[in-house]
Amino acid sequence: MRELREVYYVDGVRSAFGRAGPKGIFWRTRADDIAVKLVRELLRRNESLPSERIDDVIFAATAQVGDQGLTLGRDVALLAGLPRTVPGFAVDRMCAGALTAITTGAGEIAMGAADVILAGGVEHMGRHPMLEDVDYNPRFVAERLIDPSAATMGQTAENLHDRFPQLTKDDADAYAVRSHHRLADAWQNGVMRETVVPMSVFTEDGWREADTDEFLRGDTSLEAIRDLPTPFRPGGRVTAGNSAGLTDGATVSLLASERAAAELGLEPTLRLVSFAFAGVEPELMGLGPVPATNKVLEQAGMTVDEIDAFELNEPFAVQVLSWCDGTGVSPDDERLNPYGGAIACGHPLAATGVRLVAQLAYAMRERPSARYGLTALCVGMGMGAALLWERV
Amino acid sequence: MSDSLTEFKLTQVSWPGLERSLALVTIDNGADHTKPTVFGRSAFESLGRILGELEGADWAALVITGKPYFFSAGADLEEFSMRADPDQAREGSRTGHELFGRIRNLPYPTLAAINGACLGGGVELALHCDARTISTAVRHFACPECLLGIVPGWGGTQLVPRLVGAETAIEFVVENPLRQNRMLDGRRAHELGFADRLFEPAEFVDESIGYAVELATGPPEPGPGVGPPDKSVVDVLHQARDRLDDTVHGAAPAPYRALDLIEGALSGWTLEEGYEAEEDAIADLLPSPQARASLYAFDLVERRARKRPSLGAEARALTRVGIVGAGLMATQLATLFLRRLELPLVIADVDEQALERARGAIEGELAGLVAKGRYDEGKARFLASLVLTTTGREEFAGCELVLEAVFEELGLKRTVFAELEAVVAPSCVLATNTSALSVTAMAEGLEHPERIVGMHFFNPVALLPLVEVVRGRRTDDETAATAVELATKLGKRPVLVQDAPAFVVNRILTRLLSVVLTALERGNSIEETDEAILRLGLPMAPSVLLQLVGPRVALHVLETLHDAYPDRFALSQTLANYADGRQEIAVVDESPLSQDEILETALAAIADEIRYLLDEGVVPEAADVDTALILGAGFPFWLGGITKHLDQLGISERMAS
């Protein structure tokens with residue numbers, strides 16, 4: 001009977017998150033170059049790890065084209081200067097890309113096929129907008145297999161408001177404002193300085209440092225966002241103020257087996273307890289993390305009350321509120337997103353997952369009594385992902 | 001339709017379990033889904049060649065299928081309609097019989113895999129195969145020939161009843177075409193017995209080949225089959241003829257002929273005898289005036305009327321719309337706007353109770369749609385939340401279009417528009433649903449008369465697709481373009497009309513009504529006048545139409561037309577009585593007309609009125625009048641609207657001279 005091995009999260013870093021488009025800091029930077037910088041920094045932070053001991057490099061991207069397209073994990077490994085003996089590959093589960101890179105790598109470790117994995121994600125939405133090069137099968141429309149609103153994320157958020165009328169625009173705005181304030185604090189007091197890797201990038205104004213999250217508005221308020229236009233529906237509820245903007249950014253994490261951590265002097269912070277992916281109606285994709293959360297808790301034989309920290313992605317405030325509604329966790333609960341989230345820092349689709357894990361690891365450190373933490377997010381076309389972690 | 005030529009393409013397929021190859025034939029024209037595959041001369045030549053190969057070799061089985069989205073849309077109507085004489089028509093029918101008959105006679109199992117739209121000759125080809133599979137994605141399975149004034153001429157009248165029985169055959173061949181060209185979907189066609197297997201689209205061709213292999217390698221499992229009929233064929237046909245009389249009143253020969261052919265099929269005719277009878281029928285029907293008129297009407301409605309008029313201006317984008325009035329018509333319009341536009345909708349009325357009733361009706365309709373599974377609750381809630389009712393005007397601020405549907409009185413409508421002008425932007429389109437008042441007059445005295453336009457909808461809104469988009473003298477291009485675009489978004493068919501009393505449809509109908517009223521006032525009975533007009537095959541008798549429209553509305557329209565054209569539209573005491581609630585015919589003298597005379601007078605009057613209407617430039621061409629009458633008054637295809645019929649009878653010429 002083969003024994004499966006435990007999987008540990010050792011460390012994780014991210015780039016600053018920039019605004020997609022010509023006005024953003026990463027406009028003239030290649031996606032793979034951002035990832036390369038992070039890989040090199042991650043290795044520097046974990047100096048006792050010889051790079052030839054990395055068994056696989058897994059990078060996710062939604063748009064597997066152009067500078068994100070050349071089997072990203074392998075491409076980035078070579079460009080980062082890792083030995084040729086280190087293999088790599090690319091993964092896509094849209095917003096859950098990096099989390100899927102983690103779970104895929106975890107599978108390798110658990111099976112004994114690998115001891116050390118780099119897993120992360122990249123999304124340069126400025127160069128590769130959503131739906132670039134996508135060619136929908138005409139059967140979707142001809143056979144009415146999915147509701148047309150499923151193709152536009154903002155429409156799915158409006159659909160959530162329709163489905164749950166108790167989740168109002170005011171609630172969404174209030175949550176959004178809090179996210180910005182918390183992220184601003186998080187930049188002040190450490191977690192961002194720890195997890196964000198500044199890098200020099202070339203821009204129209206010459207070389208500059210990409211070292212801040214461009215969407216952050218620490219001084220925002222309810223008044224400031226209340227009357228913003230609703231681009232997805234006239235008289236709608238979803239605005240730029242209560243959603244995450246289109247973002248450029250990358251992340252990478254270091255996973256290891258127990259034996260490798262011991263041997264190589266690595267200091268794991270989290271152990272992967274369980275994980276789950278789930279499918280929901282594509283036009284209500286925001287609901288995805290609810291069944292994923294339930295599945296993961298069931299696997300672990302736990303209830304949501306036993307979880308001490310939550311890092312939930314925030315593509316739309318109403319999506320967070322609907323997860324709260326579905327799990328019974330209040331949006332005001334101090335366990336939930338204490339350092340702010342995507343509404344304030346942005347959501348580079350495939351990259352986001354590792355940001356959630358890194359912030360979760362920090363939260364567990366800050367609170368010695370915290371034992372279990374959950375990272376979860378929703379995915380376009382109607383999916384959810386949830387990973388349950390235990391402090392080490 | 002015949003730019004990309006339809007061909008039959010043959011490939012060989014090897015399949016596990018088959019000793020010999022299977023023949024896979026595809027009906028294709030190399031074009032995308034915007035060009036349906038049709039059977040014209042060149043398609044049949046191609047089929048002839050393929051049949052040589054199919055007959056000449058020892059295949060395990062034959063599967064025929066179509067290109068993506070189409071099995072086949074049937075005969076090439078352009079080519080077919082050019083067969084103007086009986087011999088050519090007969091030859092067209094004979095050719096199909098011969099070719100399809102050869103498919104039927106192939107010595108190995110044959111299967112039609114109906115992957116997409118399958119109409120007319122496509123159905124007939126499929127019926128000549130031993131078996132049929134059909135895809136759940138098919139939404140168009142029909143034999144619409146009766147709508148076009150002919151009958152299925154390639155074996156359909158013979159094979160459909162043999163396959164599915166008398167009742168289904170009659171519904172499919174005779175009645176569906178006359179019910180707004182109703183068609184079956186794949187699931188229903190399978191249920192009724194037209195197909196032996198129903199498959200999902202994802203692997204349709206593979207699964208169909210698999211079924212053909214089953215047929216080739218073993219005794220076939222019985223398909224769903226058709227149960228024994230409940231009634232005798234004689235009874236079924238008798239009842240069908242009665243129903244046809246009620247709908248068509250003998251005005252069109254094709255559906256009656258189809259019934260005869262179906263009867264023959266079930267009375268012991270051999271297939272060859274049935275083919276001959278079809279050929280006779282096509283020879284009689286295709287050159288007939290009704291078929292000529294139907295093909296013309298079909299082309300009008302399917303092709304010409306779908307072309308957008310080029311107005312030299314862009315339609316304005318809509319983000320907020322309004323309706324003034326909360327009566328029955330306005331409520332129907334509100335529901336339509338809400339469902340199609342999904343925009344904030346302001347509804348105003350002086351009467352709070354009317355507003356509550358309107359909201360109740362809208363929410364009731366939405367609840368019904370949720371119950372039917374068409375909307376989910378969240379969507380219905382969202383749509384209901386878009387409705388804002390008011391007794392005021394301020395809420396219309398920000399609207400890009402407001403439609404008024406208040407009481408038919410010029411002063412009142414002018415007031416409404418003036419009040420709206422104070423609140424909306426200068427570019428907001430102010431539309432009127434008036435049926436008879438002058439759009440130009442309604443715009444007088446306004447600060448921005450150029451944004452006034454008529455949008456005349458027809459009752460019942462859910463059934464009649466016509467919208468008369470009426471340009472007043474000052475209406476600008478952008479306003480007209482916005483009205484046309486809105487009508488299209490609402491799923492309606494706009495026809496551009498210049499402002500003139502009663503526009504097109506009501507003017508013609510009222511002229512017809514005048515003739516009827518005159519006959520009544522000369523001593524004819526209501527039955528006599530109704531029967532005379534029904535002989536045209538109009539969808540309803542004049543007395544019934546009058547009830548539907550309402551005598552007061554009809555009187556208002558007549559008075560408007562009388563003011564404008566007193567020589568042609570006399571006032572009628574009878575109509576005034578009806579409008580007062582008294583069913584009293586004001587007989588003037590006792591000189592009743594024969595039914596023939598009534599009909600002739602009516603047709604001459606209509607032709608006369610159309611001549612004036614065209615001379616005035618209300619619409620540019622007779623075809624526009626026909627389109628309006630078909631789409632707004634349900635005038636039947638076999639009259640070609642009306643002008644084709646008038647031309648055929650020589651009435652148009654006589655009136656012109």
Side-chain angles (χ1 to χ4, degrees), chain A residues 135-172 227-239 280-288 290 316 318-319 321-322 325-326 378 382, chain B residues 32-34 66-70 115-117 134-140 185-187 198-205 316-322 337-338 340-346 366 370 373-388 395 397-401 489:
Chain A
D135 177 12
Y136 277 104
N137 192 309
R139 287 185 54 213
F140 280 119
V141 170
E143 293 166 44
R144 299 175 184 154
L145 290 176
I146 63 174
D147 189 280
S149 63
T152 308
M153 298 302 109
Q155 297 265 27
T156 70
E158 290 285 1
N159 290 346
L160 277 180
H161 276 290
D162 288 342
R163 174 66 72 90
F164 304 108
Q166 71 272 26
L167 307 177
T168 65
K169 178 177 189 293
D170 284 344
D171 293 333
D227 298 319
L228 288 174
T230 57
F232 302 107
R233 187 191 278 181
R237 287 131 308 184
V238 178
T239 68
V280 293
E281 300 122 292
E283 70 271 17
L284 286 167
M285 67 96 199
L287 283 182
V290 174
F316 304 97
V318 66
Q319 182 266 319
L321 298 178
S322 73
D325 191 83
C378 58
Chain B
D32 69 16
H33 64 278
T34 58
K67 70 172 188 178
Y69 304 109
F70 286 92
N115 61 302
I134 196 161
S135 163
T136 56
V138 172
R139 290 208 285 278
H140 303 98
D185 63 23
R187 195 167 294 275
L198 177 69
F199 294 136
E200 301 282 310
E203 294 176 271
F204 181 75
V205 175
R316 211 160 287 130
L318 302 177
T319 67
R320 187 180 172 89
V321 291
F337 275 43
L338 194 62
R340 292 286 182 142
L341 302 178
E342 300 192 2
L343 292 176
L345 173 65
V346 182
L366 291 175
V370 171
R374 299 273 288 280
Y375 283 146
D376 95 9
E377 272 187 39
K379 182 78 182 244
R381 226 191 333 261
F382 156 58
L383 291 178
S385 77
L386 291 173
V387 177
L388 201 163
E395 291 80 353
C399 287
E400 292 91 0
L401 185 140
K489 279 219 178 84

Can you tell which part of B:A380 gets under 4.5 Å to a heavy atom of chain A, answering side chain, backbone, both or neither?
-> neither
How long is the span from the OG atom in B:S135 to the CD atom in A:E143, to the nearest 0.5 Å?
-> 6.5 Å
Any idea which heavy atoms bring B:R139 and A:A142 closest together, and the distance?
-> NH1-O, 2.9 Å
How far does CZ of A:R139 sit from CD of B:E200, to the nearest 0.5 angstrom?
-> 8.0 Å
Residue pair A:R163 / B:R381: nearest heavy atoms and the distance that separates them = O-NH2, 3.2 Å
Minimum heavy-atom separation for B:T319 to A:P234, with atom names?
-> O-CB, 3.7 Å
Please flag which part of B:R320 lies under 4.5 Å from any non-hydrogen atom of chain A: side chain, backbone, both or neither.
-> neither
Going from CD on B:E377 to CG on A:D162, what distance comes out if it is rounded to the nearest 0.5 angstrom?
-> 11.5 Å
Heavy-atom side-chain proximity of B:F382 to A:R233 below 4.5 angstrom = yes
